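Below is one structure; the comments refer to it alone.
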There are 2 protein chains.
Amino acid sequence: MTISSRFAVGIHILTLLELNKEINTSETIAGSVNTNPALIRKIIGMLKKADLVEVHPGKAGAKLKKGLAEITLLDVYQAVEVVSENELFSIHDHPNPDCFVGKNIQQTIEPIFISAQLAMEKVLLHVTLEDVVKEIDNK
Amino acid sequence: MTISSRFAVGIHILTLLELNKEINTSETIAGSVNTNPALIRKIIGMLKKADLVEVHPGKAGAKLKKGLAEITLLDVYQAVEVVSENELFSIHDHPNPDCFVGKNIQQTIEPIFISAQLAMEKVLLHVTLEDVVKEIDNK
DNA sequence: ATTACATGTAATTATTATAGTTACAGGTAT
DNA sequence: ATACCTGTAACTATAATAATTACATGTAAT
């Protein structure tokens with residue numbers, strides 16, 4: 001099990017929009033990511049829906065819609081919908097309600113799982129695209 | 001995408017071993033979890049490999065091999081192999097090495113992803129089965 | 001207006017993981 | 001010898017990902 005690479009690709013796309021000052025078509029971007037343009041358009045569609053990029057039908061090129069420092073990795077993570085809200089961990093359905101453990105296990109475990117997920121998301125919240133771009137610039 | 005319910009089932013099984021003082025066969029346990037015995041045996045096999053339970057071929061019943069307070073949820077998480085080490089997040093393969101972004105994106109993103117994963121695992125490290133059992137006892 | 005080219009999106013395929021299930025070999029105990 | 005258990009392999013159904021093809025629709029330059 002892994003979290004979909006859509007997340008990493010989303011970060012890649014946004015970083016490229018900042019660093020490549022040419023017109024960034026889905027084909028250009030696909031060349032950098034090394035995948036096909038349709039997939040890029042799909043992910044860009046998600047980033048657009050989250051108000052992170054500007055792009056128009058028929059018009060070549062996507063652009064960032066916010067400053068780099070205003071976009072956190074959590075924004076990207078949520079935009080590409082790799083994990084449903086509070087559902088990083090799944091809990092088995094229908095444990096036996098006639099068993100003391102089965103009856104209570106779900107509600108006991110759920111808050112623990114959510115707090116683990118939130119701890120992970122908090123790290124993403126504190127890293128911005130600016131951090132990523134600076135790090136790449138350093139290389 | 002979600003982390004397999006094997007993790008939740010693993011916790012359920014260990015909790016049951018503590019609270020149900022009868023002999024816990026794979027069929028008994030399957031009745032509480034509400035799944036089938038073969039799946040339970042498979043998960044118990046993983047817990048055994050991680051030295052968390054004791055169980056013998058042909059001999060009915062599994063038992064905890066450690067004290068409740070000594071088993072963290074991280075131990076269970078790792079035992080049931082829901083996520084490979086440092087690979088909660090996946091990064092797209094083969095970004096274009098001729099592109100400045102493509103060339104550097106993987107090594108830039110990886111440490112961020114790992115630290116997010118570690119933050120999540122740290123929460124699991126600080127919750128023990130004893131906490132889970134006490135919480136269930138409170139209900 | 002026609003042409004060229006872009007985005008948006010649906011449909012298809014291959015791959016992989018999960019979860020459920022059946023079947024049975026082999027161990028244990030009465 | 002019998003009954004019952006664990007360990008494990010094999011098979012199925014389901015779902016998500018990622019890659020790909022195809023095409024409708026929008027934009028803009030000539």
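Note that the structure is a prediction, hence the values are computed from the model and not measured. Values below: all heavy atoms of this structure, side chains included; hydrogens, waters and symmetry mates excluded. Naming convention: chains lettered A, B, ... in sequence-line order (proteins, then strands); numbering from 1 in each chain.
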side-chain contact (heavy atoms from CB on, under 4.5 Å) with [X]: which residues, sequence neighbours excluded?
{"X": "A/A69", "result": "A/E130"}
{"X": "B/H126", "result": "B/K122"}
{"X": "A/E110", "result": "A/I91, A/I114"}

What pairs with [X] under side-chain hydrogen bond (donor to acceptor under 3.5 Å, both in side chains), at least two apart in sequence or on another chain?
{"X": "A/Q78", "value": "none"}
{"X": "A/T72", "value": "A/D75"}
{"X": "A/T128", "value": "A/D131"}
{"X": "B/T15", "value": "none"}

Using the test ring-ring contact (aromatic ring centres under 6.0 Å, His included), find all partners of B/F100 that sit at least two apart in sequence or belong to another chain.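 ring-ring contact (aromatic ring centres under 6.0 Å, His included) list for B/F100, sorted by chain: empty.
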Specify the closest pair of heavy atoms between A/A79 and A/L47, including all atoms of both residues, with the distance to one decimal.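 Shortest heavy-atom contact: CB-CD2, 4.1 Å.
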Should we say atom CD of B/E27 is surrounded by more than 12 heavy atoms from elsewhere, each under 6.0 Å from it?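 Atom CD in B/E27 is not packed in, count stays at 12 or less.
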Nucleotide N/O to protein N/O under 3.5 Å, stretch nucleotides 17-20 of chain C:
{"residue": "C/dA19", "atom": "OP1", "partner": "B/S5", "partner atom": "N", "Å": "3.0"}
{"residue": "C/dA19", "atom": "OP1", "partner": "B/S5", "partner atom": "OG", "Å": "2.7"}
{"residue": "C/dA19", "atom": "OP2", "partner": "B/S4", "partner atom": "OG", "Å": "2.4"}
{"residue": "C/dG20", "atom": "OP2", "partner": "B/T35", "partner atom": "OG1", "Å": "3.1"}

Outermost nucleotides of DNA chain D that come under 4.0 Å of a non-hydrogen atom of chain B: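 Both ends considered, the range comes out as D/dC5 to D/dT8.
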Set out, line by line, the N/O atom pairs under 3.5 Å between protein and nucleotides 23-30 of chain C.
{"residue": "C/dG27", "atom": "N2", "partner": "B/G58", "partner atom": "O", "Å": "3.3"}

Just call it for B/K48: base, sugar-phosphate, or nothing, with non-hydrogen atoms closer than 4.0 Å on any strand.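 Touches sugar-phosphate only.
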Sidechain-backbone polar pair: B/S115 side chain, B/I112 backbone, donor-acceptor under 3.5 Å: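 It does hold such a pair.
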Please work out which of the three classes, parallel, tilted or perpendicular, describes the rings of A/H92 and B/H12, given edges at 30° and 60°.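 B/H12 vs A/H92 ring planes: tilted.
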For DNA chain C, which residues in residues 18-31 of chain B have a heavy atom at a distance below 4.0 Å?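 None, since no heavy atom is under 4.0 Å.
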